[in-house]
Amino acid sequence: MSPRPHLPARARSVLPPWLAHALRAQRGPVPWSAVTRGALAAGPLLLVAVLVDRTSLGVVAAVAAMLAGINDRPGSRRVSVKRLGVPALAGAAGLLVGVYAGDRVGAVALTAVLTGLGLLAGKMSAVGPVASGAGTQLLVGAAIGAGMPVPGSGWIRALAFLAGAGWLLALRLALPTPGGMTGDFRFDGERDAVARVYDAVAELLDAAGAEDAIARRAALTAALDHAQDALAGPRLRRYASSSAERRLHAQYAAALPLAEAATALAWAGEPLCERSSVGPRRLAAAVRENTHPGPLPAPSRSGPALRALDDALLRAADAFDQGDGGDLHTRRRSARDLLRAAFGPGGREYGLRVALSFGASAAVAQALYHSQWYGRHTHWYWLPATAVFLVKPDLGPLVSRVLCRAAGTVLGALVFAGCAAVLPRPEGLVALVALCGALIPASTRHFAAQTAVATVLVLSLVMVGGEPQASAARIAETLLACAIVLIVGHLPMPGQRGGQVRARLAAAADAAHAYLVHVLDGSDGSDGSDGVNSSDDRVTRWTLRREAYRTLAEARTASALAAHELPALARHTEGTDEVAAALERLVDTTTACAVHLDDTGRLTDRHRERLAELLDELAEGRRKVGLPPPDPRPAPAG
């Protein structure tokens with residue numbers, strides 16, 4: 001699970017939301033594995049390049065390693081192949097485009113090319129986190145290729161970029177995790193992710209009937225999302241599956257009915273005895289230690305949800321022994337879904353803002369570059385490259401990004417100026433690059449800290465490349481980029497504002513509706529059967545439930561970020577958080593209905609009345625925020 005942002009309660013109550021977010025930092029353990037990889041990536045690559053007299057290519061490789069280090073987050077090795085590799089390929093492609101466009105066209109045409117790339121990358125970034133990282137590196141690579149004076153052909157530079165990112169990826173795949181789990185270290189990320197699911201189930205059971213039950217259910221969703229991603233990457237072996245992989249898949253699949261039963265028990269709002277959470281905790285320990293769980297204490301079977309919990313524990317024990325699980329970890333998104341995200345309202349608005357910010361920054365940088373008073377500064381590409389990070393909403397609200405970027409750049413530039421005055425060249429600067437590479441993964445918990453570390457690293461690379469100290473220019477161009485992105489961010493756009501938030505909210509509403517329809521259509525025991533022979537329907541139900549909770553988490557994140565914008569922007573998404581909360585209650589209620597239908601074949605009056613209330617509440621909420629109505633409303637089963 002991702003570390004939670006932290007800010008003292010008193011500060012949260014006094015400061016306006018847009019300022020409170022800028023001061024908020026994430027909590028969590030230091031990612032020592034990523035720190036080690038960062039220390040072995042950019043610095044050593046640059047040192048080798050200096051020794052073989054290919055310093056300029058070494059600078060390109062170090063930049064790529066830095067960008068890959070920003071994406072080097074906790075998780076499984078298989079996920080890192082996509083998380084690091086896809087953006088690196090996009091960055092190399094952008095660098096190629098930038099090199100050939102910069103060499104062959106004038107300033108006006110180059111600006112038009114970069115603006116078009118910005119539109120493409122913005123639309124692509126709306127698809128998901130990996131696509132967003134790819135869009136970022138596509139534009140950064142294009143700016144570097146067009147503006148960085150590096151000898152050699154575009155293909156050589158692109159290969160150097162791929163070598164830098166590929167070296168960090170190779171370290172990610174090859175190095176064991178310090179203090180890793182028992183067994184094949186290549187699967188320690190997957191085992192940790194699955195174990196966290198069982199821990200989250202136990203914590204939710206402990207919180208049943210308490211005030212923090214909703215937060216614990218959200219933590220369970222986050223753990224399931226993380227495990228789903230961890231198991232969904234490319235195979236690390238040549239053949240379909242190893243015994244270790246099959247075992248992990250079985251353990252993840254066994255957690256789904258446990259999560260379902262725990263959610264139903266939390267929905268009921270009645271406290272449970274401590275014995276109820278012992279079994280999931282033993283299963284979590286068995287995953288971590290790569291052993292069998294042994295006997296599991298049976299909870300009371302006094303109600304439908306408790307009987308479902310007991311049955312799920314029995315199935316989990318059997319799955320741990322047999323090690324045979326289905327392909328329930330894959331998130332199935334059709335090409336239509338991806339195109340809808342990219343070319344829908346959210347993708348269009350995001351694409352236009354990225355295109356305008358990137359294109360305007362490139363145009364201003366080109367104008368300053370060719371002006372006499374600017375001195376033909378060779379780092380004009382800094383301005384559009386900085387705008388790329390500032391315009392990305394997944395890094396936080398706009399004003400928070402601008403404040404953190406400005407503060408981090410000033411701090412980093414001042415620190416570098418002091419270091420440059422005393423460090424020997426180039427060996428001292430190469431050591432500084434290695435140090436910053438190690439600090440990048442730890443600094444990602446706050447955007448200002450990450451910016452400060454990246455600023456020191458970039459300025460060190462500039463001086464290693466033989467150019468003078470450029471701290472003042474870095475500060476000036478960052479502040480100019482902040483102003484451009486702030487202006488573009490507040491410009492009126494075609495269509496309804498807050499398109500990205502509404503697009504994610506609409507996707508969550510559709511997923512919740514599909515889940516509800518499946519539960520109420522009689523396929524899971526609502527026809528009066530006990531549901532024991534409906535395994536295919538259960539698999540479908542768990543898949544729909546996972547998609548409903550996952551899209552809901554994405555919608556709530558987008559809505560929360562929008563609420564922390566300046567009032568001029570935040571007002572465009574007012575009410576979306578209430579709709580997301582109602583959707584969350586609907587999905588929880590649907591899960592409780594599913595568990596009850598499995599056991600009894602019919603719903604209670606409480607279930608039917610709660611569903612009717614929530615559907616009416618959602619219909620009103622959707623109307624207020626401008627969401628289209630769903631398919632015809634399902635009638636609660638009798």
- Would you say the side-chain atoms of Thr604 and Arg608 include a donor-acceptor pair closer than 3.5 Å? no
- Query: Does Glu613 CD have over 12 foreign heavy atoms under 6.0 Å away?
  - Reply: yes
- Residues His596, Trp267; criterion ring-ring contact (aromatic ring centres under 6.0 Å, His included); working and verdict: CA-CA 12 Å; His596 198 85; Trp267 180 87; 9.1 Å; no
- Task: Answer with yes or no whether the side chains of Asp588 and Tyr549 bring together a donor and an acceptor at under 3.5 Å.
- Result: yes
- Query: Hey, is the main chain of Ala121 close enough, under 3.5 Å, to the side chain of Ser125 for a donor-acceptor pair?
  - Reply: yes
- Query: In Å, rounded to the nearest 0.5 Å, how long is the span from CG of Leu615 to CZ of Arg610?
  - Reply: 10.5 Å
- Query: Is Leu296 close to Leu314 at the side-chain level, that is, under 4.5 Å between some pair of heavy atoms?
  - Reply: no
- Message: Quiz question: by atom type and distance under 3.5 Å, do the side chains of Asp577 and Ser559 form a donor-acceptor pair?
- Response: no
- Item | Spacing of OG1 belonging to Thr591 relative to CG belonging to Leu516, to within rounding of 0.5 Å | 10.0 Å
- Query: Are Glu584 and Arg217 within salt-bridge range, i.e. N to O under 4.0 Å?
  - Reply: yes
- Message: How long is the straight-line distance from CG of Leu283 back to CG of Asp199, given to the nearest 0.5 Å?
- Response: 10.0 Å
- Note on the structure: Closest non-hydrogen contact found for Val595 with Ala305 is CG1-CA, 3.7 Å
- More than 12 heavy atoms from other groups under 6.0 Å of CG on Leu566: yes
- Task: Sort out for me which residue in Arg78, Arg83, Lys82, Arg550 forms a side-chain hydrogen bond (donor to acceptor under 3.5 Å, both in side chains) with Asp229.
- Result: Arg550
- Item | Pairwise side-chain contact, Leu204 with Leu265, heavy-atom cut-off 4.5 Å (strictly under) | no
- Judged by modelled atom types alone, do Gln450 and Arg445 share a side-chain donor-acceptor pair under 3.5 Å? no
- Message: Between Thr263 and Arg545, do the side chains contain a donor N or O and an acceptor N or O under 3.5 Å apart?
- Response: yes
- Working to the nearest 0.5 Å, report the span between CG of Leu309 and CG of Leu272. 8.0 Å
- Just wondering, do Asp72 and Arg172 contact through their side chains at under 4.5 Å, heavy atoms? yes
- Decide yes or no for Tyr515 and Arg541: does some side-chain heavy atom of the first lie under 4.5 Å from some side-chain heavy atom of the second? yes
- Message: Return the CG to CG distance between Leu119 and Leu356, rounded to the nearest 0.5 Å.
- Response: 9.0 Å
- Item | NZ/NE/NH1/NH2 to OD/OE distance under 4.0 Å, Asp598 and Arg538 | yes
- Quick one: do Arg571 and Glu565 satisfy salt bridge (Lys or Arg N to Asp or Glu O under 4.0 Å)? Show the steps, please. CA-CA 9 Å; Arg571 64 183 179 87; Glu565 297 283 7; over 6 Å; no
- Point-to-point distance, once rounded to the nearest 0.5 Å, from CG of Leu205 to CG of Leu306: 9.0 Å
- Are Lys624 and Val579 close enough that some pair of their side-chain heavy atoms sits under 4.5 Å apart? no
- Query: Any luck finding a side-chain donor-acceptor pair between Trp542 and Glu260 under 3.5 Å?
  - Reply: yes
- Query: Side chains of Thr221 and Arg546: closer than 4.5 Å at any heavy-atom pair?
  - Reply: yes
- Donor-acceptor pair between Ser400 and Trp18 side chains, under 3.5 angstrom: no
- For the pair Arg196 and Asp192, find out whether any cationic side-chain nitrogen is under 4.0 Å from an anionic carboxylate oxygen. yes
- Task: Walk me through it: do Leu67 and Asn71 pass the test side-chain contact (heavy atoms from CB on, under 4.5 Å)?
- Result: CA-CA 7 Å; Leu67 294 173; Asn71 293 326; 5.7 Å; no
